[in-house]
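Taking it in order: structure first as structure tokens, then the write-up.
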Amino acid sequence: MRWAGPAALVVALLVPLVPAGGYQQYVVQVATFVLINAGVALAWDIQARTGQLSLAPAAFFGLGAYAYTIAALRGVPLPVAFLLGPLVAGAVSLGLGVVTLRLQGLYFAIATLAFAEVVKVIFKELPLDLTGGAVGLTAPPLLGGHQTGLYYLGLCVLLLVVAASLAVRHSRLHYAFTAIRQGELTARVLGVRVVRTKLLAFVLSASLTGLVGAYATSRLFFVIPEDTFGIGLSVTALATAIFGGVYTTAGPVLGAIILRSLEEGLRMVLREGYLAVYGVILMLVILYLPGGLVSLWNRRARDAAGGD
Amino acid sequence: MMDLFLQTLANALIQSGTYALASSGLALAVGVLHIVNFAHGEFLMVGAFVAYWLSVLAGIDPIVSLVPAGAVMFAASGVIYQASIRRVLLAPELNALLLTFGIGITLQNLAVLVFGATPRVVHTAYQLTAVTLGPVSVGVAPLITLIVSVALLAGMYAVLYRTGVGKSIRAVAQNRTGAHLVGLDVDRIYLLTFGIASALAAIAGAMVLVRIGASPHMGFGFVLKAFAIIVMAGLGNLTGVLWASLVLATAEAFVRTYVPGGGGAAEAVFFLLIFFTLVWRSWRTA
């Protein structure tokens, strides 16, 4: 499947040029949402490779989004505000990582979930002129809000996440991550610096999530605590990654393309309750295709997902 | 001053009853099946809707309906277990978690499709009356839910620690292979335990219907808190669930009463407590 990546990139580049008549704008919009979901899911996956199930993507997404919005509203040049997104998310994740790195399995998941909920409430309760409280803020758009331009910017953001994922996959880190996932004690005996590696994965993942958060806000033009920090965002991230195939680069991206397009399509047909179909599909994939979609053609991915 | 304090304490006690009931089912599933049931909150929602429709269509009091609500969910969870859960018991933790998450979203959205997203409430005579005990005034409905919760939890303990079935359940929880070796039918114990856990959720749902109401989205908030409680208690530790429920409900109630505009902050305190408990515990034992 060596051609799959470049082919996908070419298709992604051509999306805004597809002659879809009156639906042109809608297609680009859905494609942009796919980029955002893929970015968050892939960033989550990078960290999941160390065996830590984080439920905090929403927190880092939200921190990135708010950092961009608040800075931009105070007159910070937009590109600088944009970069503040990943920086703030990364810095906070460093602190959180140091505190929680001893927790394992479900305990880690719940600690990150609790953290995300606390951050959400803090942003709701902070002074109104800073965060806008429960109503949120209107964010200044990047590139003057030009839809096609923003789509290509989103593509760049996703490509950056993909590059990070591939870099991890093709370096010694891949073996360190995998060893930690399969057994922390064994990894330590083998000479892996477990604490440092886990922290690196956590901060890398959080920074990338913050970057996607800043981007998403520059495209959606608003931040609201309930949505921007919503647990739904974290759950979608892991559902997308597992649906497509965990511990791979292609899996989360493929998962985002299918799940998000499906969601938008169903929304048009059903308007309400359309997520029931989404739930059924998730159940079927877990029961009959536990390695995710990627395992259909990638035996190694199938073994990796089933083997630990 | 003192009155307010006692009133807050009473509110906390009542809330902790519901929390304990909702969480112990989850703790049972985690402790015995080692399954993190993300659909637990939706089972609670199903119980609330069963009681709601029995009340609307047949005029049955929601408190009485906790029996059919529990029975319906017990049977439904048997089907769910046979069709799906038992197939992921040996798979990685993530798979089971995501499977139950899928079940949860499906149930929640089916409820939206069938019943609509608007919250529903029932009206009973006792919801408007209150009992006054010295300075403290407690609504009859919340009081009934507390009594039912305590009775059910006591019953669950009696079954687990005083009967042969309970002994089998505890044996399987302790060591699946060992239990199998001495001749226990592990699969049936799993089925039974999952049924009991789900029935407890449905009964908690009927209680919530009486106190607050029912809506397709009601489950998620409860499952988040129930997760937090069982993790704080230590996974699978049923006695710990009671303490954790009490501590968290008390903290929540006091923040709500004493912190100005504390309604929003109460949620944060809940999760802050959990966060620090977990972190503190991990650093102490390391």
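In what follows, every heavy atom counts, from backbone to side chain, and hydrogens, waters and symmetry copies are set aside. Naming convention: chains lettered A, B, ... in sequence-line order (proteins, then strands); numbering from 1 in each chain.
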Please step through side-chain contact (heavy atoms from CB on, under 4.5 Å) for the pair A/Y288 and B/R87, ending with a clear verdict. CA-CA 10 Å; A/Y288 298 104; B/R87 307 175 56 136; 3.5 Å; yes
Where do A/Y107 and B/V231 land on the side-chain contact (heavy atoms from CB on, under 4.5 Å) test, with the steps shown first? CA-CA 7 Å; A/Y107 291 100; B/V231 167; 3.4 Å; yes
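Interatomic distance, CG of B/L98 versus CZ of A/F243, reported as 10.5 Å (0.5 Å rounding). We find the CG-CG distance between A/L55 and B/L97 to be 7.5 Å, quoted to the nearest 0.5 Å. Rounded to the nearest 0.5 angstrom, A/M283 CE and B/T106 OG1 are separated by 5.0 Å. Annotation: the span from B/L272 atom CG to A/F115 atom CZ amounts to 11.0 Å, rounded to 0.5 Å. With values rounded to the nearest 0.5 angstrom, B/L224 atom CG is found 6.0 Å from A/E117 atom CD. In this structure, A/I110 CD1 and B/M232 CE are separated by 12.5 Å, a value rounded to the nearest 0.5 Å.
Crowding of B/L57 atom CG: a count of heavy atoms from other residues, nucleotides or ligands under 6.0 Å exceeding 12. The environment of OH in B/Y258 is crowded: more than 12 heavy-atom neighbours from other residues, nucleotides or ligands sit within 6.0 Å. Around the CZ atom of A/R267, the shell of radius 6.0 Å holds more than 12 heavy atoms that belong to other residues, nucleotides or ligands. Around atom CH2 of B/W243, no more than 12 heavy atoms belonging to other residues, nucleotides or ligands sit under 6.0 Å away. Surrounding CD of B/Q82 are more than 12 heavy atoms belonging to other residues, nucleotides or ligands, all under 6.0 Å away.
Heavy-atom pairs under 4.5 Å with chain B were tallied for A/L113, A/V235, A/L53, A/V280; the largest tally goes to A/V235. Contact tally against chain A (heavy-atom pairs below 4.5 Å) for B/T277, B/L273, B/L113: the top residue is B/L113. The most heavy-atom pairs under 4.5 Å with chain A, out of B/L110, B/I103, B/V88, come from B/I103.
Here the options are A/L284, A/I286, A/L282, the test is side-chain contact (heavy atoms from CB on, under 4.5 Å), and the partner is B/L99; only A/I286 passes.
Contact record, A/A114 with B/I274: CB-CG2, 4.4 Å, taken as the closest heavy-atom pair.
B/A83 touches chain A through its backbone: at least one of N, CA, C or O sits under 4.5 Å from a heavy atom, while the side chain does not. Of the two parts of B/F220, only the side chain, counted from C-beta on, holds a non-hydrogen atom closer than 4.5 Å to a non-hydrogen atom of chain A.
For B/W283 (side chain) and A/T100 (main-chain N/O), no donor-acceptor pair under 3.5 Å exists by modelled atom type.
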